[in-house]
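A short write-up of the structure that comes next.
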Amino acid sequence: MHGLNFRILGPLEVCAGTRRVPVAAGKQRTLLATLLLSANRTVPIEELTDRLWCGDPPRGPRGALHTYVTRLRQTLDRHTGGGSGLISTSPAGYGIEVDAGGLDLIRFRTMVAEARTAGRRGDLSAESAGLTAALALWRGPVLSDVRSESLHRDLVPSLIEEHLRTLERRHEVDLALGRHDRLVGELRALTGRHPFHERFWGQLMVALYRCGRPAEALEAYGEVSASLRRRLGVCPGPEVRDLHTAILRGDPRLSSTPPEGEL
């Protein structure tokens with residue numbers, strides 16, 4: 001065990017116990033971030049070159065890449081007693097070997113999977129608790145201190161989407177558990193940060209309606225509808241439109257929550 005802990009769900013961090021391991025700014029951080037996003041797999045040399053130089057590589061990019069890999073190895077080895085074997089080399093490229101507890105992204109996905117398993121067993125309270133704990137691993141914008149246009153264009157968006165889907169699911173579970181009053185503030189903040197994310201608007205509308213605030217639920221629909229028309233020239237999707245109609249009609253199904261395990 002190398003004893004290093006890597007965190008990429010926010011700024012890039014490497015820790016040895018309670019001590020922060022400094023990783024030089026620039027291409028070493030880009031290299032480490034790229035390897036960690038594909039932890040325990042080989043990353044092709046061509047991809048690493050693109051992440052480091054964004055389509056404008058130097059002469060002899062393989063040699064330059066090898067130099068950065070060597071420096072990164074030395075940085076990590078200084079905090080593992082040397083010879084950790086963390087970074088592997090093959091003819092196809094390079095990889096980093098990380099155990100299940102050594103990378104926050106792996107822990108996040110494991111915790112989400114365990115929470116969803118609890119939900120499928122019918123234990124929505126355990127699912128909510130597990131998803132909440134998993135989401136607490138996120139510390140801010142992914143790899144906000146790593147400068148690579150290629151990385152942020154090609155890899156980071158899928159992680160952001162994974163985070164948003166997990167948030168959506170936790171809201172669904174909490175609505176099913178009757179915790180709508182706890183969600184209103186969080187959902188208002190999320191719709192402010194993600195004004196075109198219709199699922200959050202729909203969940204906010206349901207939470208407000210169940211809190212006995214149907215007028216505010218209708219106002220929320222008006223907000224998202226106006227924003228989508230003004231900025232994108234489109235109307236809300238059918239799910240949010242149907243929800244709006246149900247609120248206008250006072251559909252009794254909006255006030256009910258499904259039994260645990262049937263969400």
Side-chain angles (χ1 to χ4, degrees), residues 9-11 104 108-109 111-112 115-116 118-119 124-144 152 156-258 260 262-263:
L9 301 180
D104 56 358
F108 170 75
R109 288 171 172 165
M111 293 166 73
V112 169
R116 295 301 300 267
L124 293 186
S125 294
E127 181 175 6
S128 175
L131 294 177
T132 299
L135 289 164
L137 295 175
W138 291 72
R139 298 168 291 112
V142 175
L143 299 172
S144 55
H152 285 280
V156 169
S158 63
L159 284 185
I160 295 172
E161 186 61 29
E162 191 172 347
H163 181 233
L164 294 178
R165 286 198 307 270
T166 305
L167 277 170
E168 288 175 3
R169 176 61 188 176
R170 205 256 298 159
H171 297 152
E172 290 175 5
V173 173
D174 282 351
L175 285 170
L177 290 167
R179 298 172 178 173
H180 37 269
D181 55 331
R182 307 182 194 178
L183 292 175
V184 170
E186 178 182 347
L187 285 165
R188 282 200 187 279
L190 283 168
T191 54
R193 292 198 298 270
H194 305 279
F196 307 126
H197 198 92
E198 293 186 44
R199 196 72 181 275
F200 289 153
W201 284 101
Q203 291 173 333
L204 174 60
M205 291 163 64
V206 171
L208 286 167
Y209 186 83
R210 291 182 181 173
C211 286
R213 298 151 68 178
E216 291 179 58
L218 294 173
E219 286 174 7
Y221 177 81
E223 285 182 56
V224 65
S225 182
S227 180
L228 288 170
R229 283 199 303 270
R230 183 174 63 253
R231 299 286 297 277
L232 303 179
V234 298
C235 295
E239 183 177 340
V240 175
R241 292 201 309 270
D242 290 348
L243 182 56
H244 176 245
T245 300
I247 291 171
L248 287 172
R249 293 175 176 171
D251 191 327
R253 288 175 296 181
L254 281 179
S255 299
S256 63
T257 57
E260 292 200 15
E262 295 185 9
L263 184 61

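At a threshold of 4.5 Å between non-hydrogen side-chain atoms, the residues His244 and Leu218 count as touching. Side-chain contact between Arg116 and Arg169 is present, with heavy atoms from C-beta onward closer than 4.5 Å. Residues Val184 and Arg213 are in side-chain contact: their nearest non-hydrogen atoms beyond the backbone lie under 4.5 Å apart. Side-chain contact between Asp174 and His180: absent, with no pair of heavy atoms (C-beta onward) separated by less than 4.5 Å.
The two residues Leu243 and Gly202 come nearest to each other via the heavy atoms CD2-O, 3.2 Å. In terms of heavy atoms, Gly250 sits closest to Tyr209 at CA-OH, 3.3 Å. Counting all heavy atoms, side chain and backbone alike, Ala220 lies closest to Met205 at CB-CG, 4.0 Å. Across all non-hydrogen atoms, the minimal contact from Ala207 to Leu187 is CB-CD1, 4.4 Å. The minimum heavy-atom distance linking Ala134 with Val112 is given by the pair CB-CG2, 3.8 Å. When all heavy atoms of Leu228 and Pro236 are compared, the closest pair comes out as CD1-CA, 3.7 Å.
None of Glu219, Gln203, Arg188 except one satisfies the side-chain contact (heavy atoms from CB on, under 4.5 Å) rule with Leu208; the exception is Arg188. Among Thr166, Leu204, Val206, Leu190, the single residue meeting the side-chain contact (heavy atoms from CB on, under 4.5 Å) criterion with His171 is Leu190.
Between Arg109 and Glu162 there is a salt bridge, with a side-chain nitrogen of the basic residue lying less than 4.0 Å from a carboxylate oxygen of the acidic one.
Of the possible polar contacts, none joining the Ser225 side chain to the Tyr221 backbone as a donor-acceptor pair under 3.5 Å is found. Of the possible donor and acceptor atoms, one in the side chain of Asp104 sits under 3.5 Å from a partner among the backbone N and O of Leu9. Put simply, the side chain of His152 never gets that close to the backbone of Pro157: no donor and acceptor are under 3.5 Å apart. Side chain of Trp201 to main chain of Pro195: a donor-acceptor pair is present (N/O by atom type, distance under 3.5 Å, no hydrogens or angles). Between the side chain of Glu198 and the backbone N or O of Gly237 there is at least one donor-acceptor pair closer than 3.5 Å. Proximity of a side-chain donor or acceptor of Arg139 to a complementary backbone N or O of Pro11 within less than 3.5 Å is detected.
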Criterion side chain to side chain contact (heavy atoms under 4.5 Å, CB included) on Met111 and Leu137, from CA distance to verdict: CA-CA 10 Å; Met111 293 166 73; Leu137 295 175; 3.8 Å; yes
Test log, rule side chain to side chain contact (heavy atoms under 4.5 Å, CB included), inputs Leu131 and Glu172: CA-CA 11 Å; Leu131 294 177; Glu172 290 175 5; over 6 Å; no
Verdict with reasoning, Leu167 to Arg170, per side chain to side chain contact (heavy atoms under 4.5 Å, CB included): CA-CA 5 Å; Leu167 277 170; Arg170 205 256 298 159; 4.2 Å; yes
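Applying the salt bridge (Lys or Arg N to Asp or Glu O under 4.0 Å) test to pairs two or more places apart or on separate chains, those with a residue in residues 239-252 are Arg199-Glu239, Asp251-Arg253.
With rounding to the nearest 0.5 angstrom, the CG atom of Leu177 is 6.0 Å from the OG atom of Ser128.
Classified by interplanar angle (parallel below 30°, tilted 30° to 60°, perpendicular above 60°), the ring pair Trp138/His163 is parallel.
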